[in-house]
Amino acid sequence: MPQQFWESHAPAGYECPFCELLAGEIVSPSNLCALTDLVYRDSLVAVIMACDGFGPYGGHAMVIPVDHLESLYDLNDDVGAAVMRATRATALAMKLAWDPEGTSTRQHNEPSGNQHVWHYHQHVFPRYGDDMLYRQLRHRVPVEERARKARELSAALDRLDFSG
(Lines give C-alpha, C1' and ligand atoms only; values in the text may rest on other atoms or scores of the structure.)
Protein backbone atom coordinates (compact mmCIF):
# COMPACT_ATOMS: atom_id res chain seq x y z
CA MET A 1 0.00 0.00 0.00
CA PRO A 2 1.33 3.49 -0.76
CA GLN A 3 2.35 5.85 1.99
CA GLN A 4 -0.69 7.03 3.93
CA PHE A 5 -1.22 10.77 3.43
CA TRP A 6 -4.67 11.09 4.96
CA GLU A 7 -5.88 11.21 8.54
CA SER A 8 -8.80 9.63 10.31
CA HIS A 9 -11.68 11.98 11.00
CA ALA A 10 -13.32 9.76 13.60
CA PRO A 11 -13.44 11.52 16.96
CA ALA A 12 -11.64 10.02 19.94
CA GLY A 13 -13.66 7.15 21.40
CA TYR A 14 -15.76 6.81 18.24
CA GLU A 15 -18.44 4.13 18.54
CA CYS A 16 -19.04 2.92 15.01
CA PRO A 17 -22.74 2.28 14.35
CA PHE A 18 -22.00 -0.14 11.50
CA CYS A 19 -19.53 -2.17 13.58
CA GLU A 20 -22.14 -2.41 16.34
CA LEU A 21 -24.70 -3.66 13.83
CA LEU A 22 -22.27 -6.24 12.43
CA ALA A 23 -21.40 -7.35 15.97
CA GLY A 24 -25.09 -7.99 16.58
CA GLU A 25 -25.47 -5.53 19.44
CA ILE A 26 -26.56 -1.90 19.25
CA VAL A 27 -25.14 -0.26 22.38
CA SER A 28 -24.62 3.41 21.52
CA PRO A 29 -27.65 5.59 22.29
CA SER A 30 -26.98 7.65 19.14
CA ASN A 31 -26.87 4.60 16.84
CA LEU A 32 -29.82 4.75 14.42
CA CYS A 33 -29.16 1.24 13.05
CA ALA A 34 -31.38 -1.69 13.94
CA LEU A 35 -30.34 -5.34 13.84
CA THR A 36 -33.07 -5.94 11.26
CA ASP A 37 -31.25 -3.57 8.85
CA LEU A 38 -28.83 -6.35 7.90
CA VAL A 39 -29.61 -7.60 4.38
CA TYR A 40 -26.54 -9.67 3.48
CA ARG A 41 -23.11 -10.50 4.89
CA ASP A 42 -20.10 -12.50 3.79
CA SER A 43 -16.48 -12.47 4.95
CA LEU A 44 -15.63 -9.16 3.24
CA VAL A 45 -18.78 -7.04 2.86
CA ALA A 46 -22.28 -6.55 4.18
CA VAL A 47 -25.39 -4.86 2.79
CA ILE A 48 -27.51 -2.90 5.24
CA MET A 49 -30.59 -0.72 5.00
CA ALA A 50 -30.04 2.99 5.60
CA CYS A 51 -32.18 4.79 8.14
CA ASP A 52 -32.91 7.69 5.78
CA GLY A 53 -35.28 7.86 2.84
CA PHE A 54 -35.75 10.58 0.25
CA GLY A 55 -38.95 12.11 -1.07
CA PRO A 56 -41.92 9.83 -0.40
CA TYR A 57 -39.75 6.67 -0.49
CA GLY A 58 -38.27 4.47 2.20
CA GLY A 59 -34.67 3.66 2.86
CA HIS A 60 -31.89 2.88 0.50
CA ALA A 61 -29.13 0.30 1.02
CA MET A 62 -25.45 0.65 1.83
CA VAL A 63 -22.61 -1.72 1.05
CA ILE A 64 -19.99 -1.72 3.81
CA PRO A 65 -16.80 -3.65 4.50
CA VAL A 66 -17.06 -6.11 7.39
CA ASP A 67 -13.77 -4.80 8.77
CA HIS A 68 -13.78 -1.26 10.11
CA LEU A 69 -12.29 0.76 7.24
CA GLU A 70 -12.98 4.46 7.40
CA SER A 71 -12.91 5.56 3.77
CA LEU A 72 -12.23 4.65 0.17
CA TYR A 73 -8.56 5.36 0.82
CA ASP A 74 -8.42 2.41 3.25
CA LEU A 75 -9.84 -0.31 0.98
CA ASN A 76 -7.51 -2.95 -0.39
CA ASP A 77 -8.17 -4.39 -3.85
CA ASP A 78 -10.04 -7.47 -2.58
CA VAL A 79 -12.43 -5.46 -0.43
CA GLY A 80 -12.86 -2.83 -3.16
CA ALA A 81 -13.76 -5.53 -5.69
CA ALA A 82 -16.17 -7.15 -3.22
CA VAL A 83 -17.82 -3.76 -2.60
CA MET A 84 -18.36 -3.27 -6.34
CA ARG A 85 -19.78 -6.79 -6.81
CA ALA A 86 -22.15 -6.26 -3.88
CA THR A 87 -23.12 -2.80 -5.16
CA ARG A 88 -24.06 -4.23 -8.57
CA ALA A 89 -25.93 -7.14 -6.97
CA THR A 90 -27.80 -4.77 -4.65
CA ALA A 91 -28.87 -2.54 -7.56
CA LEU A 92 -30.08 -5.62 -9.48
CA ALA A 93 -31.89 -6.88 -6.38
CA MET A 94 -33.64 -3.51 -6.05
CA LYS A 95 -34.86 -3.81 -9.64
CA LEU A 96 -36.12 -7.31 -8.88
CA ALA A 97 -37.66 -6.51 -5.48
CA TRP A 98 -39.20 -3.08 -6.11
CA ASP A 99 -38.97 -2.30 -9.85
CA PRO A 100 -37.73 1.28 -9.39
CA GLU A 101 -37.42 3.55 -12.43
CA GLY A 102 -33.63 3.50 -12.01
CA THR A 103 -30.82 3.19 -9.48
CA SER A 104 -27.98 5.46 -8.34
CA THR A 105 -24.88 4.91 -6.26
CA ARG A 106 -22.63 7.34 -4.44
CA GLN A 107 -19.91 7.34 -1.84
CA HIS A 108 -18.38 10.10 0.31
CA ASN A 109 -14.97 10.57 1.96
CA GLU A 110 -14.00 12.99 4.73
CA PRO A 111 -16.14 15.80 6.18
CA SER A 112 -15.84 18.08 3.15
CA GLY A 113 -16.76 15.11 0.97
CA ASN A 114 -20.02 14.81 2.97
CA GLN A 115 -19.01 11.71 4.97
CA HIS A 116 -20.85 11.47 8.30
CA VAL A 117 -20.23 7.90 9.47
CA TRP A 118 -16.56 6.96 9.83
CA HIS A 119 -16.94 3.52 8.28
CA TYR A 120 -16.77 3.23 4.48
CA HIS A 121 -20.19 2.89 2.87
CA GLN A 122 -21.38 2.84 -0.73
CA HIS A 123 -24.96 4.09 -1.05
CA VAL A 124 -27.30 2.27 -3.45
CA PHE A 125 -30.55 4.10 -4.15
CA PRO A 126 -33.72 2.91 -5.87
CA ARG A 127 -34.65 5.92 -7.99
CA TYR A 128 -38.00 7.42 -8.89
CA GLY A 129 -38.80 10.59 -10.82
CA ASP A 130 -40.14 12.32 -7.71
CA ASP A 131 -37.66 11.02 -5.10
CA MET A 132 -35.92 14.40 -4.56
CA LEU A 133 -32.65 12.58 -3.78
CA TYR A 134 -30.41 15.47 -4.71
CA ARG A 135 -32.47 18.04 -2.79
CA GLN A 136 -31.34 16.42 0.47
CA LEU A 137 -34.89 16.20 1.83
CA ARG A 138 -34.19 13.30 4.16
CA HIS A 139 -36.67 11.68 6.46
CA ARG A 140 -36.23 8.91 8.99
CA VAL A 141 -37.58 5.57 7.87
CA PRO A 142 -39.24 3.52 10.63
CA VAL A 143 -37.37 0.39 11.75
CA GLU A 144 -40.33 -1.80 10.75
CA GLU A 145 -40.28 -0.47 7.18
CA ARG A 146 -36.51 -0.94 6.97
CA ALA A 147 -36.87 -4.51 8.27
CA ARG A 148 -39.48 -5.29 5.62
CA LYS A 149 -37.28 -3.79 2.90
CA ALA A 150 -34.26 -5.71 4.21
CA ARG A 151 -36.22 -8.98 3.95
CA GLU A 152 -37.40 -8.13 0.43
CA LEU A 153 -33.93 -7.14 -0.74
CA SER A 154 -32.36 -10.21 0.88
CA ALA A 155 -34.85 -12.48 -0.89
CA ALA A 156 -34.07 -10.76 -4.19
CA LEU A 157 -30.32 -11.23 -3.62
CA ASP A 158 -30.99 -14.92 -2.95
CA ARG A 159 -32.91 -15.15 -6.23
CA LEU A 160 -29.93 -13.61 -8.02
CA ASP A 161 -27.70 -16.24 -6.37
CA PHE A 162 -25.29 -13.56 -5.16
CA SER A 163 -22.67 -14.95 -2.84
CA GLY A 164 -20.00 -12.27 -3.08
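Quick caveat: nothing in here was measured; it's all calculated off a predicted structure.
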Stepwise salt bridge (charged side-chain N to carboxylate O under 4.0 Å, His left out) test for Glu152 and Arg148: CA-CA 6 Å; Glu152 293 167 354; Arg148 177 182 52 79; 3.0 Å; yes
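- When all heavy atoms are compared, the tightest approach of Val45 to Ala82 is CG1-CB, 3.7 Å.
- In terms of modelled atom types and a separation under 3.5 Å, the side chain of Glu144 and the main chain of Arg146 share no donor-acceptor contact.
- The local environment of CG in Asp130 is crowded, with over 12 non-hydrogen atoms from other residues, nucleotides or ligands closer than 6.0 Å.
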- request: Kindly determine whether Gln107 and Tyr120 satisfy side-chain contact (heavy atoms from CB on, under 4.5 Å), including the steps that lead there.
  value: CA-CA 8 Å; Gln107 193 274 322; Tyr120 174 92; 3.3 Å; yes
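- Linking Ile, Leu, Val, Met, Phe, Trp and Tyr residues whenever their side-chain heavy atoms come within less than 4.5 Å leaves Val47 and Met62 in two separate clusters.
- Inter-residue side-chain proximity for Asp131 and Phe125 is flagged as unmet; no heavy-atom pair is nearer than 4.5 Å.
- The nearest pair of heavy atoms linking Ala46 to Leu38 is CB-CD1, 4.2 Å.
- In this structure the side chain of Val66 never reaches within 4.5 angstrom of the side chain of Leu44, judged on heavy atoms.
- In terms of modelled atom types and a separation under 3.5 Å, the side chain of His60 and the main chain of Asp52 share a donor-acceptor contact.
- Listed for the Asp74 side chain is a donor-acceptor partner under 3.5 Å among the backbone atoms of Glu70.
- Pro17 and Cys33 make their closest contact through O-SG, 4.0 Å (heavy atoms, listed as atom of the first residue, atom of the second, distance).
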task: Test Leu153 against Met49 for side-chain contact (heavy atoms from CB on, under 4.5 Å), laying out the working first.
output: CA-CA 9 Å; Leu153 198 55; Met49 294 306 300; 4.2 Å; yes
task: Report the C-alpha separation of Arg140 and Leu32 in whole Å, then their side-chain angles, then the decisive distance to 0.1 Å, and conclude whether the side-chain contact (heavy atoms from CB on, under 4.5 Å) test is met.
output: CA-CA 9 Å; Arg140 290 284 178 245; Leu32 298 175; 3.2 Å; yes
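- Closest non-hydrogen pair, Lys149 versus Gly58, comes out as CE-CA, 3.9 Å.
- Leu72 is connected to Val79 through a chain of hydrophobic side-chain contacts under 4.5 Å among Ile, Leu, Val, Met, Phe, Trp and Tyr, so both are in one cluster.
- Here the side chain of Thr87 pairs a donor or acceptor atom with the backbone of Val83 at under 3.5 angstrom.
- At a threshold of 4.5 Å between side-chain heavy atoms, the hydrophobic network of Ile, Leu, Val, Met, Phe, Trp and Tyr places Tyr14 and Ile64 in one connected group.
- For the pair Asn31 (side chain) and Ile26 (backbone), a donor-acceptor distance under 3.5 Å is absent.
- Atom CE of Met84 is separated from atom OG1 of Thr105 by 6.5 Å, given to the nearest 0.5 angstrom.
- Glu15 meets the side chain to side chain contact (heavy atoms under 4.5 Å, CB included) test with Glu20, Ser28; sequence neighbours excluded.
- Classified by interplanar angle (parallel below 30°, tilted 30° to 60°, perpendicular above 60°), the ring pair Tyr57/Tyr128 is parallel.
- Cluster membership for Leu35 and Val143, using ILVMFWY side-chain heavy atoms within less than 4.5 angstrom, is not shared.
- In Arg127, the CZ atom is crowded: over 12 heavy atoms of neighbouring residues, nucleotides or ligands sit closer than 6.0 Å.
- Aromatic rings from His123 and His121 are positioned such that their centres are separated by under 6.0 Å.
- Trp98 and Val63 end up in the same hydrophobic cluster when Ile, Leu, Val, Met, Phe, Trp and Tyr side chains are linked at under 4.5 Å.
- Minimum interatomic distance between Ser71 and Asn109 (heavy atoms only, all atoms of both residues): CB-OD1, 3.3 Å.
- For Ala10 against Trp118, the heavy-atom pair with the smallest separation is CA-CD1, 3.6 Å.
- Using a distance-only test at 3.5 Å, with no hydrogens or angles considered, a donor-acceptor pair links the side chain of Ser154 to the main chain of Val39.
- Here CD of Glu110 is found 9.0 Å from CD of Glu7. Values are rounded to the nearest 0.5 Å.
- Panel note: side chain Asp67, backbone Leu69; no donor-acceptor pair is recorded below 3.5 Å.
- Side chains of Tyr40 and Asp158: no donor on one and acceptor on the other come within 3.5 Å.
- When side chains are defined from C-beta on, Cys19 counts as touching His119, because their heavy atoms get closer than 4.5 Å.
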